[in-house]
Protein chains: 2
Amino acid sequence: MNTAARTIDPTSDAAIAASVTPRPIEEIGDRLGVPAAALYRYGPDKAKIALDFARKAEAKADGRLILVTAINPTPAGEGKTTTTIGLGDALARAGKRVAIALREPSLGPVFGSKGGATGGGHAQIVPMQDINLHFTGDFHAISAAHNLLAATIDNHIYWGNALDIDTRRINWRRVVDLNDRALRSVVVGLGGPGNGFPREDGFDITVASEVMAIFCLARSLEDLEERLGRMVVAQNRARQPITAGQLKVTGAMTALLRDAFQPNLVQTLEATPAVVHGGPFANIAHGCNSVMATRTALGLADYVVTEAGFGADLGAEKFLDIKCRQAGLTPSVVVIVATVRALKMHGGVAQKDLGAENVAAVSAGTSNLVRHIENMKAFGLPAVVAINRFTGDTAAEIDAIRAACAAVGASVHLCSHWADGSAGAVGLAEEVAALAAGPSAFRPLYASELPLLAKIEAIATRIYRAGAVAVEPGALRKLGEFEAQGHGDLPICMAKTQYSFSADPTRRGAPEGFVLPVRDVRLSAGAGFVVALCGDVMTMPGLPSRPAAEDIFVDETGFIGGVF
Amino acid sequence: MNTAARTIDPTSDAAIAASVTPRPIEEIGDRLGVPAAALYRYGPDKAKIALDFARKAEAKADGRLILVTAINPTPAGEGKTTTTIGLGDALARAGKRVAIALREPSLGPVFGSKGGATGGGHAQIVPMQDINLHFTGDFHAISAAHNLLAATIDNHIYWGNALDIDTRRINWRRVVDLNDRALRSVVVGLGGPGNGFPREDGFDITVASEVMAIFCLARSLEDLEERLGRMVVAQNRARQPITAGQLKVTGAMTALLRDAFQPNLVQTLEATPAVVHGGPFANIAHGCNSVMATRTALGLADYVVTEAGFGADLGAEKFLDIKCRQAGLTPSVVVIVATVRALKMHGGVAQKDLGAENVAAVSAGTSNLVRHIENMKAFGLPAVVAINRFTGDTAAEIDAIRAACAAVGASVHLCSHWADGSAGAVGLAEEVAALAAGPSAFRPLYASELPLLAKIEAIATRIYRAGAVAVEPGALRKLGEFEAQGHGDLPICMAKTQYSFSADPTRRGAPEGFVLPVRDVRLSAGAGFVVALCGDVMTMPGLPSRPAAEDIFVDETGFIGGVF
């Protein structure tokens with residue numbers, strides 16, 4: 001045991017969260033017009049919204065949708081989640097009927113180095129320890145459904161392999177919701193005939209499962225099961241695709257996901273309703289919370305604030321071209337979060353020098369921010385800039401940001417919701433509400449009818465500003481196969497570094513004219529997109545040399561302290 | 001999809017369960033004096049009993065404890081769970097304040113061939129689909145805690161291996177709560193230096209985890225964490241044991257288990273309270289529900305009916321010598337469940353002939369039942385026989401059982417709770433209540449101070465009636481090592497076939513004078529027992545050629561049908 005460090009830091013997120021008594025979840029439901037009978041409670045302060053009620057709400061879905069995204073971030077992130085929460089709280093403070101729609105945390109980062117995903121300071125959702133650990137069990141349900149299918153594939157082969165599955169060409173890996181690098185590449189089926197046929201396999205983290213992506217895009221349990229059935233899990237010896245549907249366990253998988261599919265309701269520290277549901281990877285998947293949750297929130301609230309993973313080049317583009325397109329959503333406003341430190345970094349300052357004032361570097365770094373603002377115009381959407389303020393930021397640095405943004409018609413709001421809660425995001429909320437009042441001119445970047453390669457090129461040249469796209473021959477051939485199989489109308493899910501517009505994480509600022517390499521492409525037939533891999537994609541993280549898990553403890557009152 | 005079979009059989013357990021509307025869980029809590037404030041609800045009909053309330057209740061734990069066990073079973077089982085539920089319902093019908101204490105089902109058998117574990121017919125606990133699937137997430141929490149430790153071991157080695165762990169001697173495998181034979185024996189850490197050091201590994205089903213055994217034996221969260229810390233996970237190059245405590249994640253594991261550690265409250269179809277919590281394997285672990293649940297139930301009810309896995313030679317012996325000893329429990333009465341069919345089998349009848357009346361075979365087969373009755377006397381406990389009645393059983397066959405039991409002073413009750421609910425177990429309940437009224441003369445079979453080998457011999461010769469025990473030399477050496485390390489006072493956890501008193505599953509009836517082979521022994525230092533392996537032990541089942549999963553579905557109302 002590691003009892004030496006078992007004291008609770010009074011300035012920690014956990015301590016701040018513990019200083020506020022959450023309202024009963026029935027009261028939070030009532031704010032959105034959800035009757036207690038439609039709440040499936042998990043203790044006093046968490047609930048699922050009953051599916052039949054949620055489906056009635058999502059059929060309406062007429063609230064205003066506000067997307068919070070960011071510049072290309074530093075490894076620590078720019079504060080999208082806290083800004084989403086702060087903005088939501090500020091809209092509620094202004095008397096608006098509002099709901100926040102966020103992703104659920106994964107256990108991997110919680111025990112690794114990134115920590116939780118419930119905001120921070122005075123902009124948090126609670127109960128933060130619960131949400132960061134098992135929450136309502138959704139990810140466990142997704143893991144179980146995923147792994148049931150995996151076990152079924154090997155079991156099918158064991159009992160005669162009627163589908164003639166080629167054991168060298170099984171692409172359905174197993175999952176665990178932890179960071180465990182030793183499982184990235186494994187050989188299974190060892191130990192003799194009773195254990196099956198040895199073959200190469202591997203584990204991904206649960207959030208990388210196509211089941212997770214489907215869970216977040218399905219519109220109903222029927223849609224969920226149909227999508228599960230379409231997933232391609234292997235090829236047979238004739239190189240034909242084998243789908244999950246052919247293995248006959250999509251009914252059981254749907255049974256495992258039935259309860260999880262209902263959106264989760266919690267609250268912020270200021271008792272603003274938050275619908276927290278799903279959490280697909282932002283690289284090989286689309287990186288936003290579930291369609292069920294977003295649409296349910298839109299049916300219950302006048303304003304819904306949500307976020308998308310990574311920077312706007314990846315997160316916002318996929319939110320708009322994949323999620324909004326599939327789910328029939330029309331966003332109204334985009335908020336782009338930036339920090340002075342990150343803009344300095346985009347202006348060429350080294351990590352160790354980020355603490356010192358450097359107006360010139362900030363000014364140079366705004367090239368990154370300005371391009372994201374302009375990119376949102378390509379979708380017909382107004383963009384507002386939120387500066388997630390740190391105490392070291394200077395007035396001159398802020399002025400440099402204002403000047404650059406004014407040149408492209410975007411206003412800048414200094415936000416201190418981390419320190420001040422809703423009071424720190426009042427100005428941002430006012431402008432967002434004003435912009436959301438008008439009609440939305442949202443349009444996706446590209447038409448579904450475009451060939452797959454043309455879609456990749458549209459994203460690369462219009463959003464990333466690449467000069468050209470270099471697709472590996474094997475990937476090009478696969479794109480043709482996908483089109484021949486009838487998947488040509490799917491949107492593209494880009495898997496690229498989040499740190500640069502290019503595929504090179506060291507190219508900060510606003511590079512242009514570069515060649516974007518597409519090494520491989522993958523079909524996610526159930527989720528409904530084609531993944532374009534522009535570099536190495538890590539689908540199973542590792543733990544750091546000193547994992548956050550070492551600091552986590554339960555004290556004698558049952559309070560969970562440590563990393564949070 | 002497998003939609004052809006998507007109809008609900010009106011005679012199925014699921015349909016019978018659906019015909020009864022469960023009472024609100026607050027009403028069930030109220031029957032036991034649990035206030036609504038001490039219920040952490042999971043929807044309308046499931047709850048956890050808040051730990052602080054449960055701890056107050058378990059400190060009292062003064063109810064009468066009734067153990068339901070069985071003869072050596074047939075593969076289908078003799079009906080211990082339905083008898084536990086039927087007896088509990090019948091005691092409630094007689095006006096007693098009663099609670100049932102059961103194990104939680106594992107997902108593996110649910111999707112395999114055995115099906116659910118919530119009783120059957122009119123003796124069920126509900127909501128049966130929920131309990132059989134994720135329930136309140138306890139097993140998922142145990143899986144996550146187990147696998148976090150596994151990931152930490154490989155991560156420790158990856159970052160320099162300060163503990164000098166011998167990668168050939170890591171005994172901490174990984175777990176998944178599914179039947180997945182392809183994972184029994186694997187190689188992990190492949191794919192290059194970034195993924196760690198390749199080594200042999202394997203997966204067990206979650207119920208086989210020592211974390212599960214600890215979860216079911218711990219008396220508090222502090223005790224839980226201390227036990228986790230004592231678990232031996234590997235040896236270093238000097239062959240010294242490496243414990244989980246040295247890896248510094250027992251705090252995080254305890255945080256993952258905090259909520260799960262609270263006992264779950266549900267109800268029978270007749271609204272009798274049922275505390276359903278934990279579910280360790282009955283071979284390499286002790287096979288009973290959690291001490292927290294049993295003791296909490298004993299603190300809240302006047303009568304607690306519980307069960308133990310497998311037949312009385314394994315399940316009851318381990319319940320009495322491991323669980324009762326560790327938890328300070330004093331049982332009052334043992335109910336031994338038998339079926340006419342199984343007794344016929346013990347009398348030498350082949351599977352295909354079990355349907356025909358065969359009084360002589362039943363009479364011969366009672367040797368198995370009689371020995372179990374006599375064995376209970378070795379623990380100072382009165383035994384009652386419950387015949388789980390099937391329609392084909394004849395009066396002459398029943399008379400043969402009565403005669404054999406009368407000779408050893410045990411009465412026989414014909415029970416039809418499966419068909420009739422509590423009305424089918426009235427006589428059994430009357431006798432059990434009468435026997436429980438007196439003082440208990442319970443004593444464990446052996447003293448803790450006996451050497452480990454002498455304990456094994458006591459079980460083998462006095463319970464199994466072996467003539468001798470043959471311990472492999474390597475196992476004998478390990479017993480000496482365990483004693484030298486200070487574990488000599490631990491009880492023994494026998495891992496033996498459930499189908500025979502001997503280690504040979506084909507030896508039915510009441511064999512005696514045989515040699516019991518002990519192939520290997522294992523230390524479960526956290527759970528607090530030494531496992532003696534008398535044959536192959538399967539810690540990861542496989543799926544059958546036609547898994548039950550293929551029949552499971554969710555209909556348009558959200559009802560889960562299929563195997564149940």
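Computed over heavy atoms, backbone and side chain alike; hydrogens, waters and symmetry mates excluded. Proteins get letters first, then strands, A, B, ... in listed order; numbering begins at 1 in each. This structure is a prediction, so every number in the text was calculated from the model and none was measured.
Side-chain contact between F135(A) and N264(A) is present, with heavy atoms from C-beta onward closer than 4.5 Å. When side chains are defined from C-beta on, F111(B) does not count as touching N179(B), because their heavy atoms never get closer than 4.5 Å. Contact check for I205(B) versus P541(B): side-chain heavy atoms found under the 4.5 Å cut-off. No side-chain heavy atom of E222(A) sits under 4.5 Å from any side-chain heavy atom of T254(A). Looking only at side-chain heavy atoms (C-beta outward), V554(A) and F261(B) stay at 4.5 Å or farther from each other. The side-chain heavy atoms of L265(B) and K46(B), taken from C-beta on, include no pair separated by under 4.5 Å.
A donor-acceptor pair shorter than 3.5 Å can be found between the side chains of D177(B) and S106(B).
Along residues 47-56 of chain B, no residue comes nearer than 4.5 angstrom to chain A, judged on non-hydrogen atoms.
Contact annotation for L107(B): only side-chain heavy atoms (C-beta onward) come within less than 4.5 Å of a heavy atom of chain A. If you measure heavy-atom distances from L221(A) to chain B, the contacts under 4.5 Å come from the side chain alone. Only the side chain of Y158(A) comes within contact range of chain B, with at least one heavy atom under 4.5 Å from a heavy atom of that chain. Interface residue L148(A): backbone and side-chain heavy atoms are both found under 4.5 Å from chain B. Residue D154(A) touches chain B through its side chain alone, counting heavy-atom pairs closer than 4.5 Å. Contact of P544(A) with chain B is made through the backbone alone, with heavy-atom distances under 4.5 Å. Heavy-atom distances place both the backbone and the side chain of L543(A) under 4.5 Å from chain B. When heavy atoms are compared at a cutoff of 4.5 Å, R258(A) approaches chain B solely by way of its side chain, counted from C-beta outward. For Y42(A), the parts lying near chain B are the backbone and the side chain together; criterion is any non-hydrogen pair under 4.5 Å. Of the atoms belonging to V187(A), heavy atoms from both backbone and side chain fall under 4.5 Å from chain B.
With chain A as the partner, the residue from F203(B), W159(B), F197(B) showing the most heavy-atom pairs under 4.5 Å is W159(B). The choice from A260(B), G542(B), G194(B) that makes the most heavy-atom pairs within less than 4.5 Å of chain A is G194(B). With chain A as partner, the option from G189(B), A144(B), P44(B) having the largest number of non-hydrogen pairs under 4.5 angstrom is G189(B). Here L190(B) is the residue among L39(B), N147(B), L133(B), L190(B) with the most heavy-atom pairs under 4.5 Å with chain A. Between chain A and the options V186(B), N155(B), L247(B), I157(B), heavy-atom pairs under 4.5 Å are most frequent for N155(B). Taking G196(B), G137(B), G43(B) one by one and counting their heavy-atom pairs under 4.5 Å with chain A, the maximum is reached by G43(B).
Note on residues 185-197 of chain A: no pairs pass salt bridge (Lys or Arg N to Asp or Glu O under 4.0 Å), not counting sequence neighbours. Residue pairs meeting the salt bridge (Lys or Arg N to Asp or Glu O under 4.0 Å) criterion with at least one member in residues 180-197 of chain A, sequence neighbours excluded, are D180(A)-R174(B).
Annotation: E26(A), atom CD; neighbour count of heavy atoms from other residues, nucleotides and ligands within 6.0 Å is above 12.
The structure places OG1 of T152(B) at 13.5 Å from CD of Q246(B), a figure rounded to the nearest 0.5 Å.
Residues passing the ring-ring contact (aromatic ring centres under 6.0 Å, His included) test with H140(A) are H134(A), H140(B), sequence neighbours excluded.
Ring geometry, W172(B) versus H146(B): the interplanar angle falls under 30°, so the pair is classed parallel (tilted spans 30 to 60°).
Closest of all the heavy-atom pairs between F553(B) and G562(B) is CE2-N, 3.7 Å.
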